[in-house]
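As structure tokens, the structure follows; a few thoughts come after it.
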Amino acid sequence: MQNYKITLLKGDGIGPEIVNQAVKVLDKAAEKFSFTVEYDEALLGGCAIDATGVPLPEETVAKCKASDSVILGAVGGSKWDNQPGNNRPEAGLLGIRGALGLFANLRPSVIFGPLKSASPIKDEIIGDNMDIMIVRELTGGIYFGERGRDDSSAWDTEKYSVAEVERIARVAFDMAMKRNKKLTSVDKANVLESSRLWRQTVINVSKDYPEVELNHMYVDNCAMQLVRNPKQFDVIVTSNIFGDILSDEASMIAGSIGMLASASLSGGKLGLYEPIHGSAPDIAGKGIANPLATILSVAMMLRYSLAQPEAAQAIEAAVAKVLETSRTPDIYEEGFNKVSCEEMGDLVCAQL
Ligand code: IPM
Ligand code: MG
């Protein structure tokens with residue numbers, strides 16, 4: 001029987017609650033699809049600062065590297081706001097992305113039929129099956145560029161190499177080939193030199209993908225087009241910071257940021273899977289967080305890292321079914337059962 005070693009980085013705030021539900025669902029999927037999962041936990045973010053003084057202890061990197069994949073909850077909270085920038089919980093998150101070489105971040109924005117009414121966008125604009133895949137570059141750009149501060153100024157640097165753009169472009173073109181063969185590359189080439197290099201490099205890579213229809217869009221226009229006509233998009237490829245911003249926007253079109261999963265991939269089998277939302281300290285410990293984004297991240301892990309596509313699909317189908325009757329408070333509408341984080345996990349397991 002196939003056995004997988006999974007490292008859990010529960011993190012801060014609602015992180016532990018949502019990861020616990022995701023583990024429950026993964027165990028259920030393992031039982032049903034005849035594989036086994038062995039878990040190990042490691043510290044990342046604020047909890048790691050409290051225990052060890054740093055947001056990313058070396059032991060955490062080693063455990064992640066020794067596993068088949070990693071599930072992450074969320075990190076951060078106001079408790080650590082007075083930490084210096086390079087010792088904040090978020091620095092731990094960036095550190096683990098860098099240490100594991102997770103340059104490709106896949107952020108699907110899909111609307112689940114029963115959730116259409118939770119979207120702030122009109123029905124006719126969303127259409128019946130909004131399904132956008134944002135491919136965000138995750139280990140370069142302004143997040144990792146040189147930064148500094150002196151008495152009267154501060155700076156961060158957006159820098160991309162041709163090789164960095166090429167490898168993320170290839171991930172996006174490959175993804176487009178598996179979908180509707182349509183790719184939008186988002187940049188700010190009317191202003192930024194790094195964007196001009198980005199655009200030229202994407203055009204060069206496109207020669208290897210003659211079947212993919214490629215277009216380019218400035219990021220400000222893309223932010224507007226996403227709410228004006230999201231149906232025009234299939235795969236979007238963009239830089240680290242633009243992808244951060246656009247994926248939050250796209251998630252809301254799909255109803256709630258509490259619903260969206262993500263996969264961070266390195267080119268090898270090992271991936272890191274996390275919801276795109278944050279640690280929501282305001283609702284931590286209340287049992288009302290929506291665990292579905294983390295549960296759907298487990299589905300992505302089964303698909304992209306563990307080669308268990310049937311199990312992935314079964315989890316996604318179970319989530320869609322449960323949403324027909326039950327909602328956590330963030331996506332609650334009249335006429336549905338209002339359920340807690342744990343109840344939501346139980347319902348998905350029962351449906352599986
Ligand atoms: C995300 C988050 C992170 C990011 C933060 C917490 C550092 O917003 O994963 O989108 O900006 O990448
Ligand atoms: Mg973000």
Side-chain angles (χ1 to χ4, degrees), residues 9-16 18-19 22 43-49 54-56 60 64 70-81 83-109 132-145 147 156-158 160 164 168 186 219 222-223 226 236-254 256-266 271-282 284 289-290 293-294 296-297 300-301 330:
L9 306 175
K10 294 184 176 177
D12 311 315
I14 60 171
I18 55 179
V19 171
L43 297 170
L44 179 78
C47 59
I49 296 174
V54 293
L56 176 59
T60 296
C64 290
V70 182
I71 301 173
L72 167 65
V75 299
S78 54
K79 182 178 173 194
W80 302 282
D81 272 351
Q83 288 284 331
N86 61 3
N87 209 56
R88 290 179 59 100
E90 292 81 359
L93 181 56
L94 301 191
I96 192 76
R97 288 172 178 170
L100 301 180
L102 305 168
F103 69 90
N105 185 216
L106 310 182
R107 298 194 160 186
S109 197
I132 300 173
M133 176 66 86
I134 297 185
V135 178
R136 171 188 177 194
E137 199 291 324
L138 202 62
T139 52
I142 200 164
Y143 275 63
F144 287 83
R147 60 181 111 254
D156 302 271
T157 319
E158 175 83 352
Y160 270 110
E164 283 174 317
I168 192 69
V186 174
V219 62
C222 181
L226 271 171
I236 292 176
V237 63
T238 192
S239 64
N240 204 340
I241 190 151
F242 294 161
D244 177 46
I245 298 165
L246 294 177
S247 60
D248 265 34
E249 186 188 5
S251 75
M252 200 60 220
I253 302 171
S256 163
I257 194 165
M259 289 297 302
L260 292 200
S262 81
S264 303
L265 307 174
S266 61
L272 182 147
Y273 296 84
E274 59 173 316
I276 83 157
H277 61 71
S279 61
D282 52 321
N290 183 349
T294 318
L296 292 168
S297 299
M300 289 188 89
M301 178 176 84
D330 57 314

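Indexing begins at 1, ligand by ligand and atom by atom, following the structure's order.
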For atom 8 (O) of ligand 1, closest protein heavy-atom neighbour: Asp244 OD1, 3.3 Å
Ligand 1 atoms in contact with Arg136 (distance to a heavy atom under 4.0 Å): 1 (C), 4 (C), 9 (O), 10 (O), 11 (O), 12 (O)
Leu44 and Ile96: CA distance, side-chain angles, deciding distance, side chain to side chain contact (heavy atoms under 4.5 Å, CB included) verdict: CA-CA 9 Å; Leu44 179 78; Ile96 192 76; 4.2 Å; yes
Whether Asp248 has an N, O or S atom under 2.8 Å from the Mg ion (ligand 2): no
Name, closest N/O/S atom of Asp244 to the Mg ion (ligand 2): OD1
Test side chain to side chain contact (heavy atoms under 4.5 Å, CB included) applied to Arg136 and Ile276, step by step: CA-CA 12 Å; Arg136 171 188 177 194; Ile276 83 157; over 6 Å; no
Beyond-backbone contact of Ile253 with Leu226, side-chain heavy atoms, under 4.5 angstrom: yes
Gap between atom CG of Leu260 and atom OG1 of Thr294 - 0.5 Å precision: 11.0 Å
Nearest neighbour in protein (non-hydrogen) for atom 11 (O) of ligand 1: Tyr143 OH, 2.6 Å
Closest approach of any protein heavy atom to atom 1 (C) of ligand 1, naming residue and atom: Arg107 NH2, 3.4 Å
Under 3.5 Å donor-acceptor, Asp12 side chain and Gly46 backbone: yes
Contact partition for Arg88 relative to ligand 1, non-hydrogen atoms under 4.0 Å: neither
Proximity flag Arg97 to ligand 1, non-hydrogen atoms under 4.0 Å: yes
Within reach of ligand 1, part of His277 (heavy-atom separation under 4.0 Å): neither
Partner of Leu265 by side-chain contact (heavy atoms from CB on, under 4.5 Å), out of Leu106, Asn105, Leu272: Leu106
Residues Arg88, Asp81; criterion side chain to side chain contact (heavy atoms under 4.5 Å, CB included); working and verdict: CA-CA 7 Å; Arg88 290 179 59 100; Asp81 272 351; 3.5 Å; yes
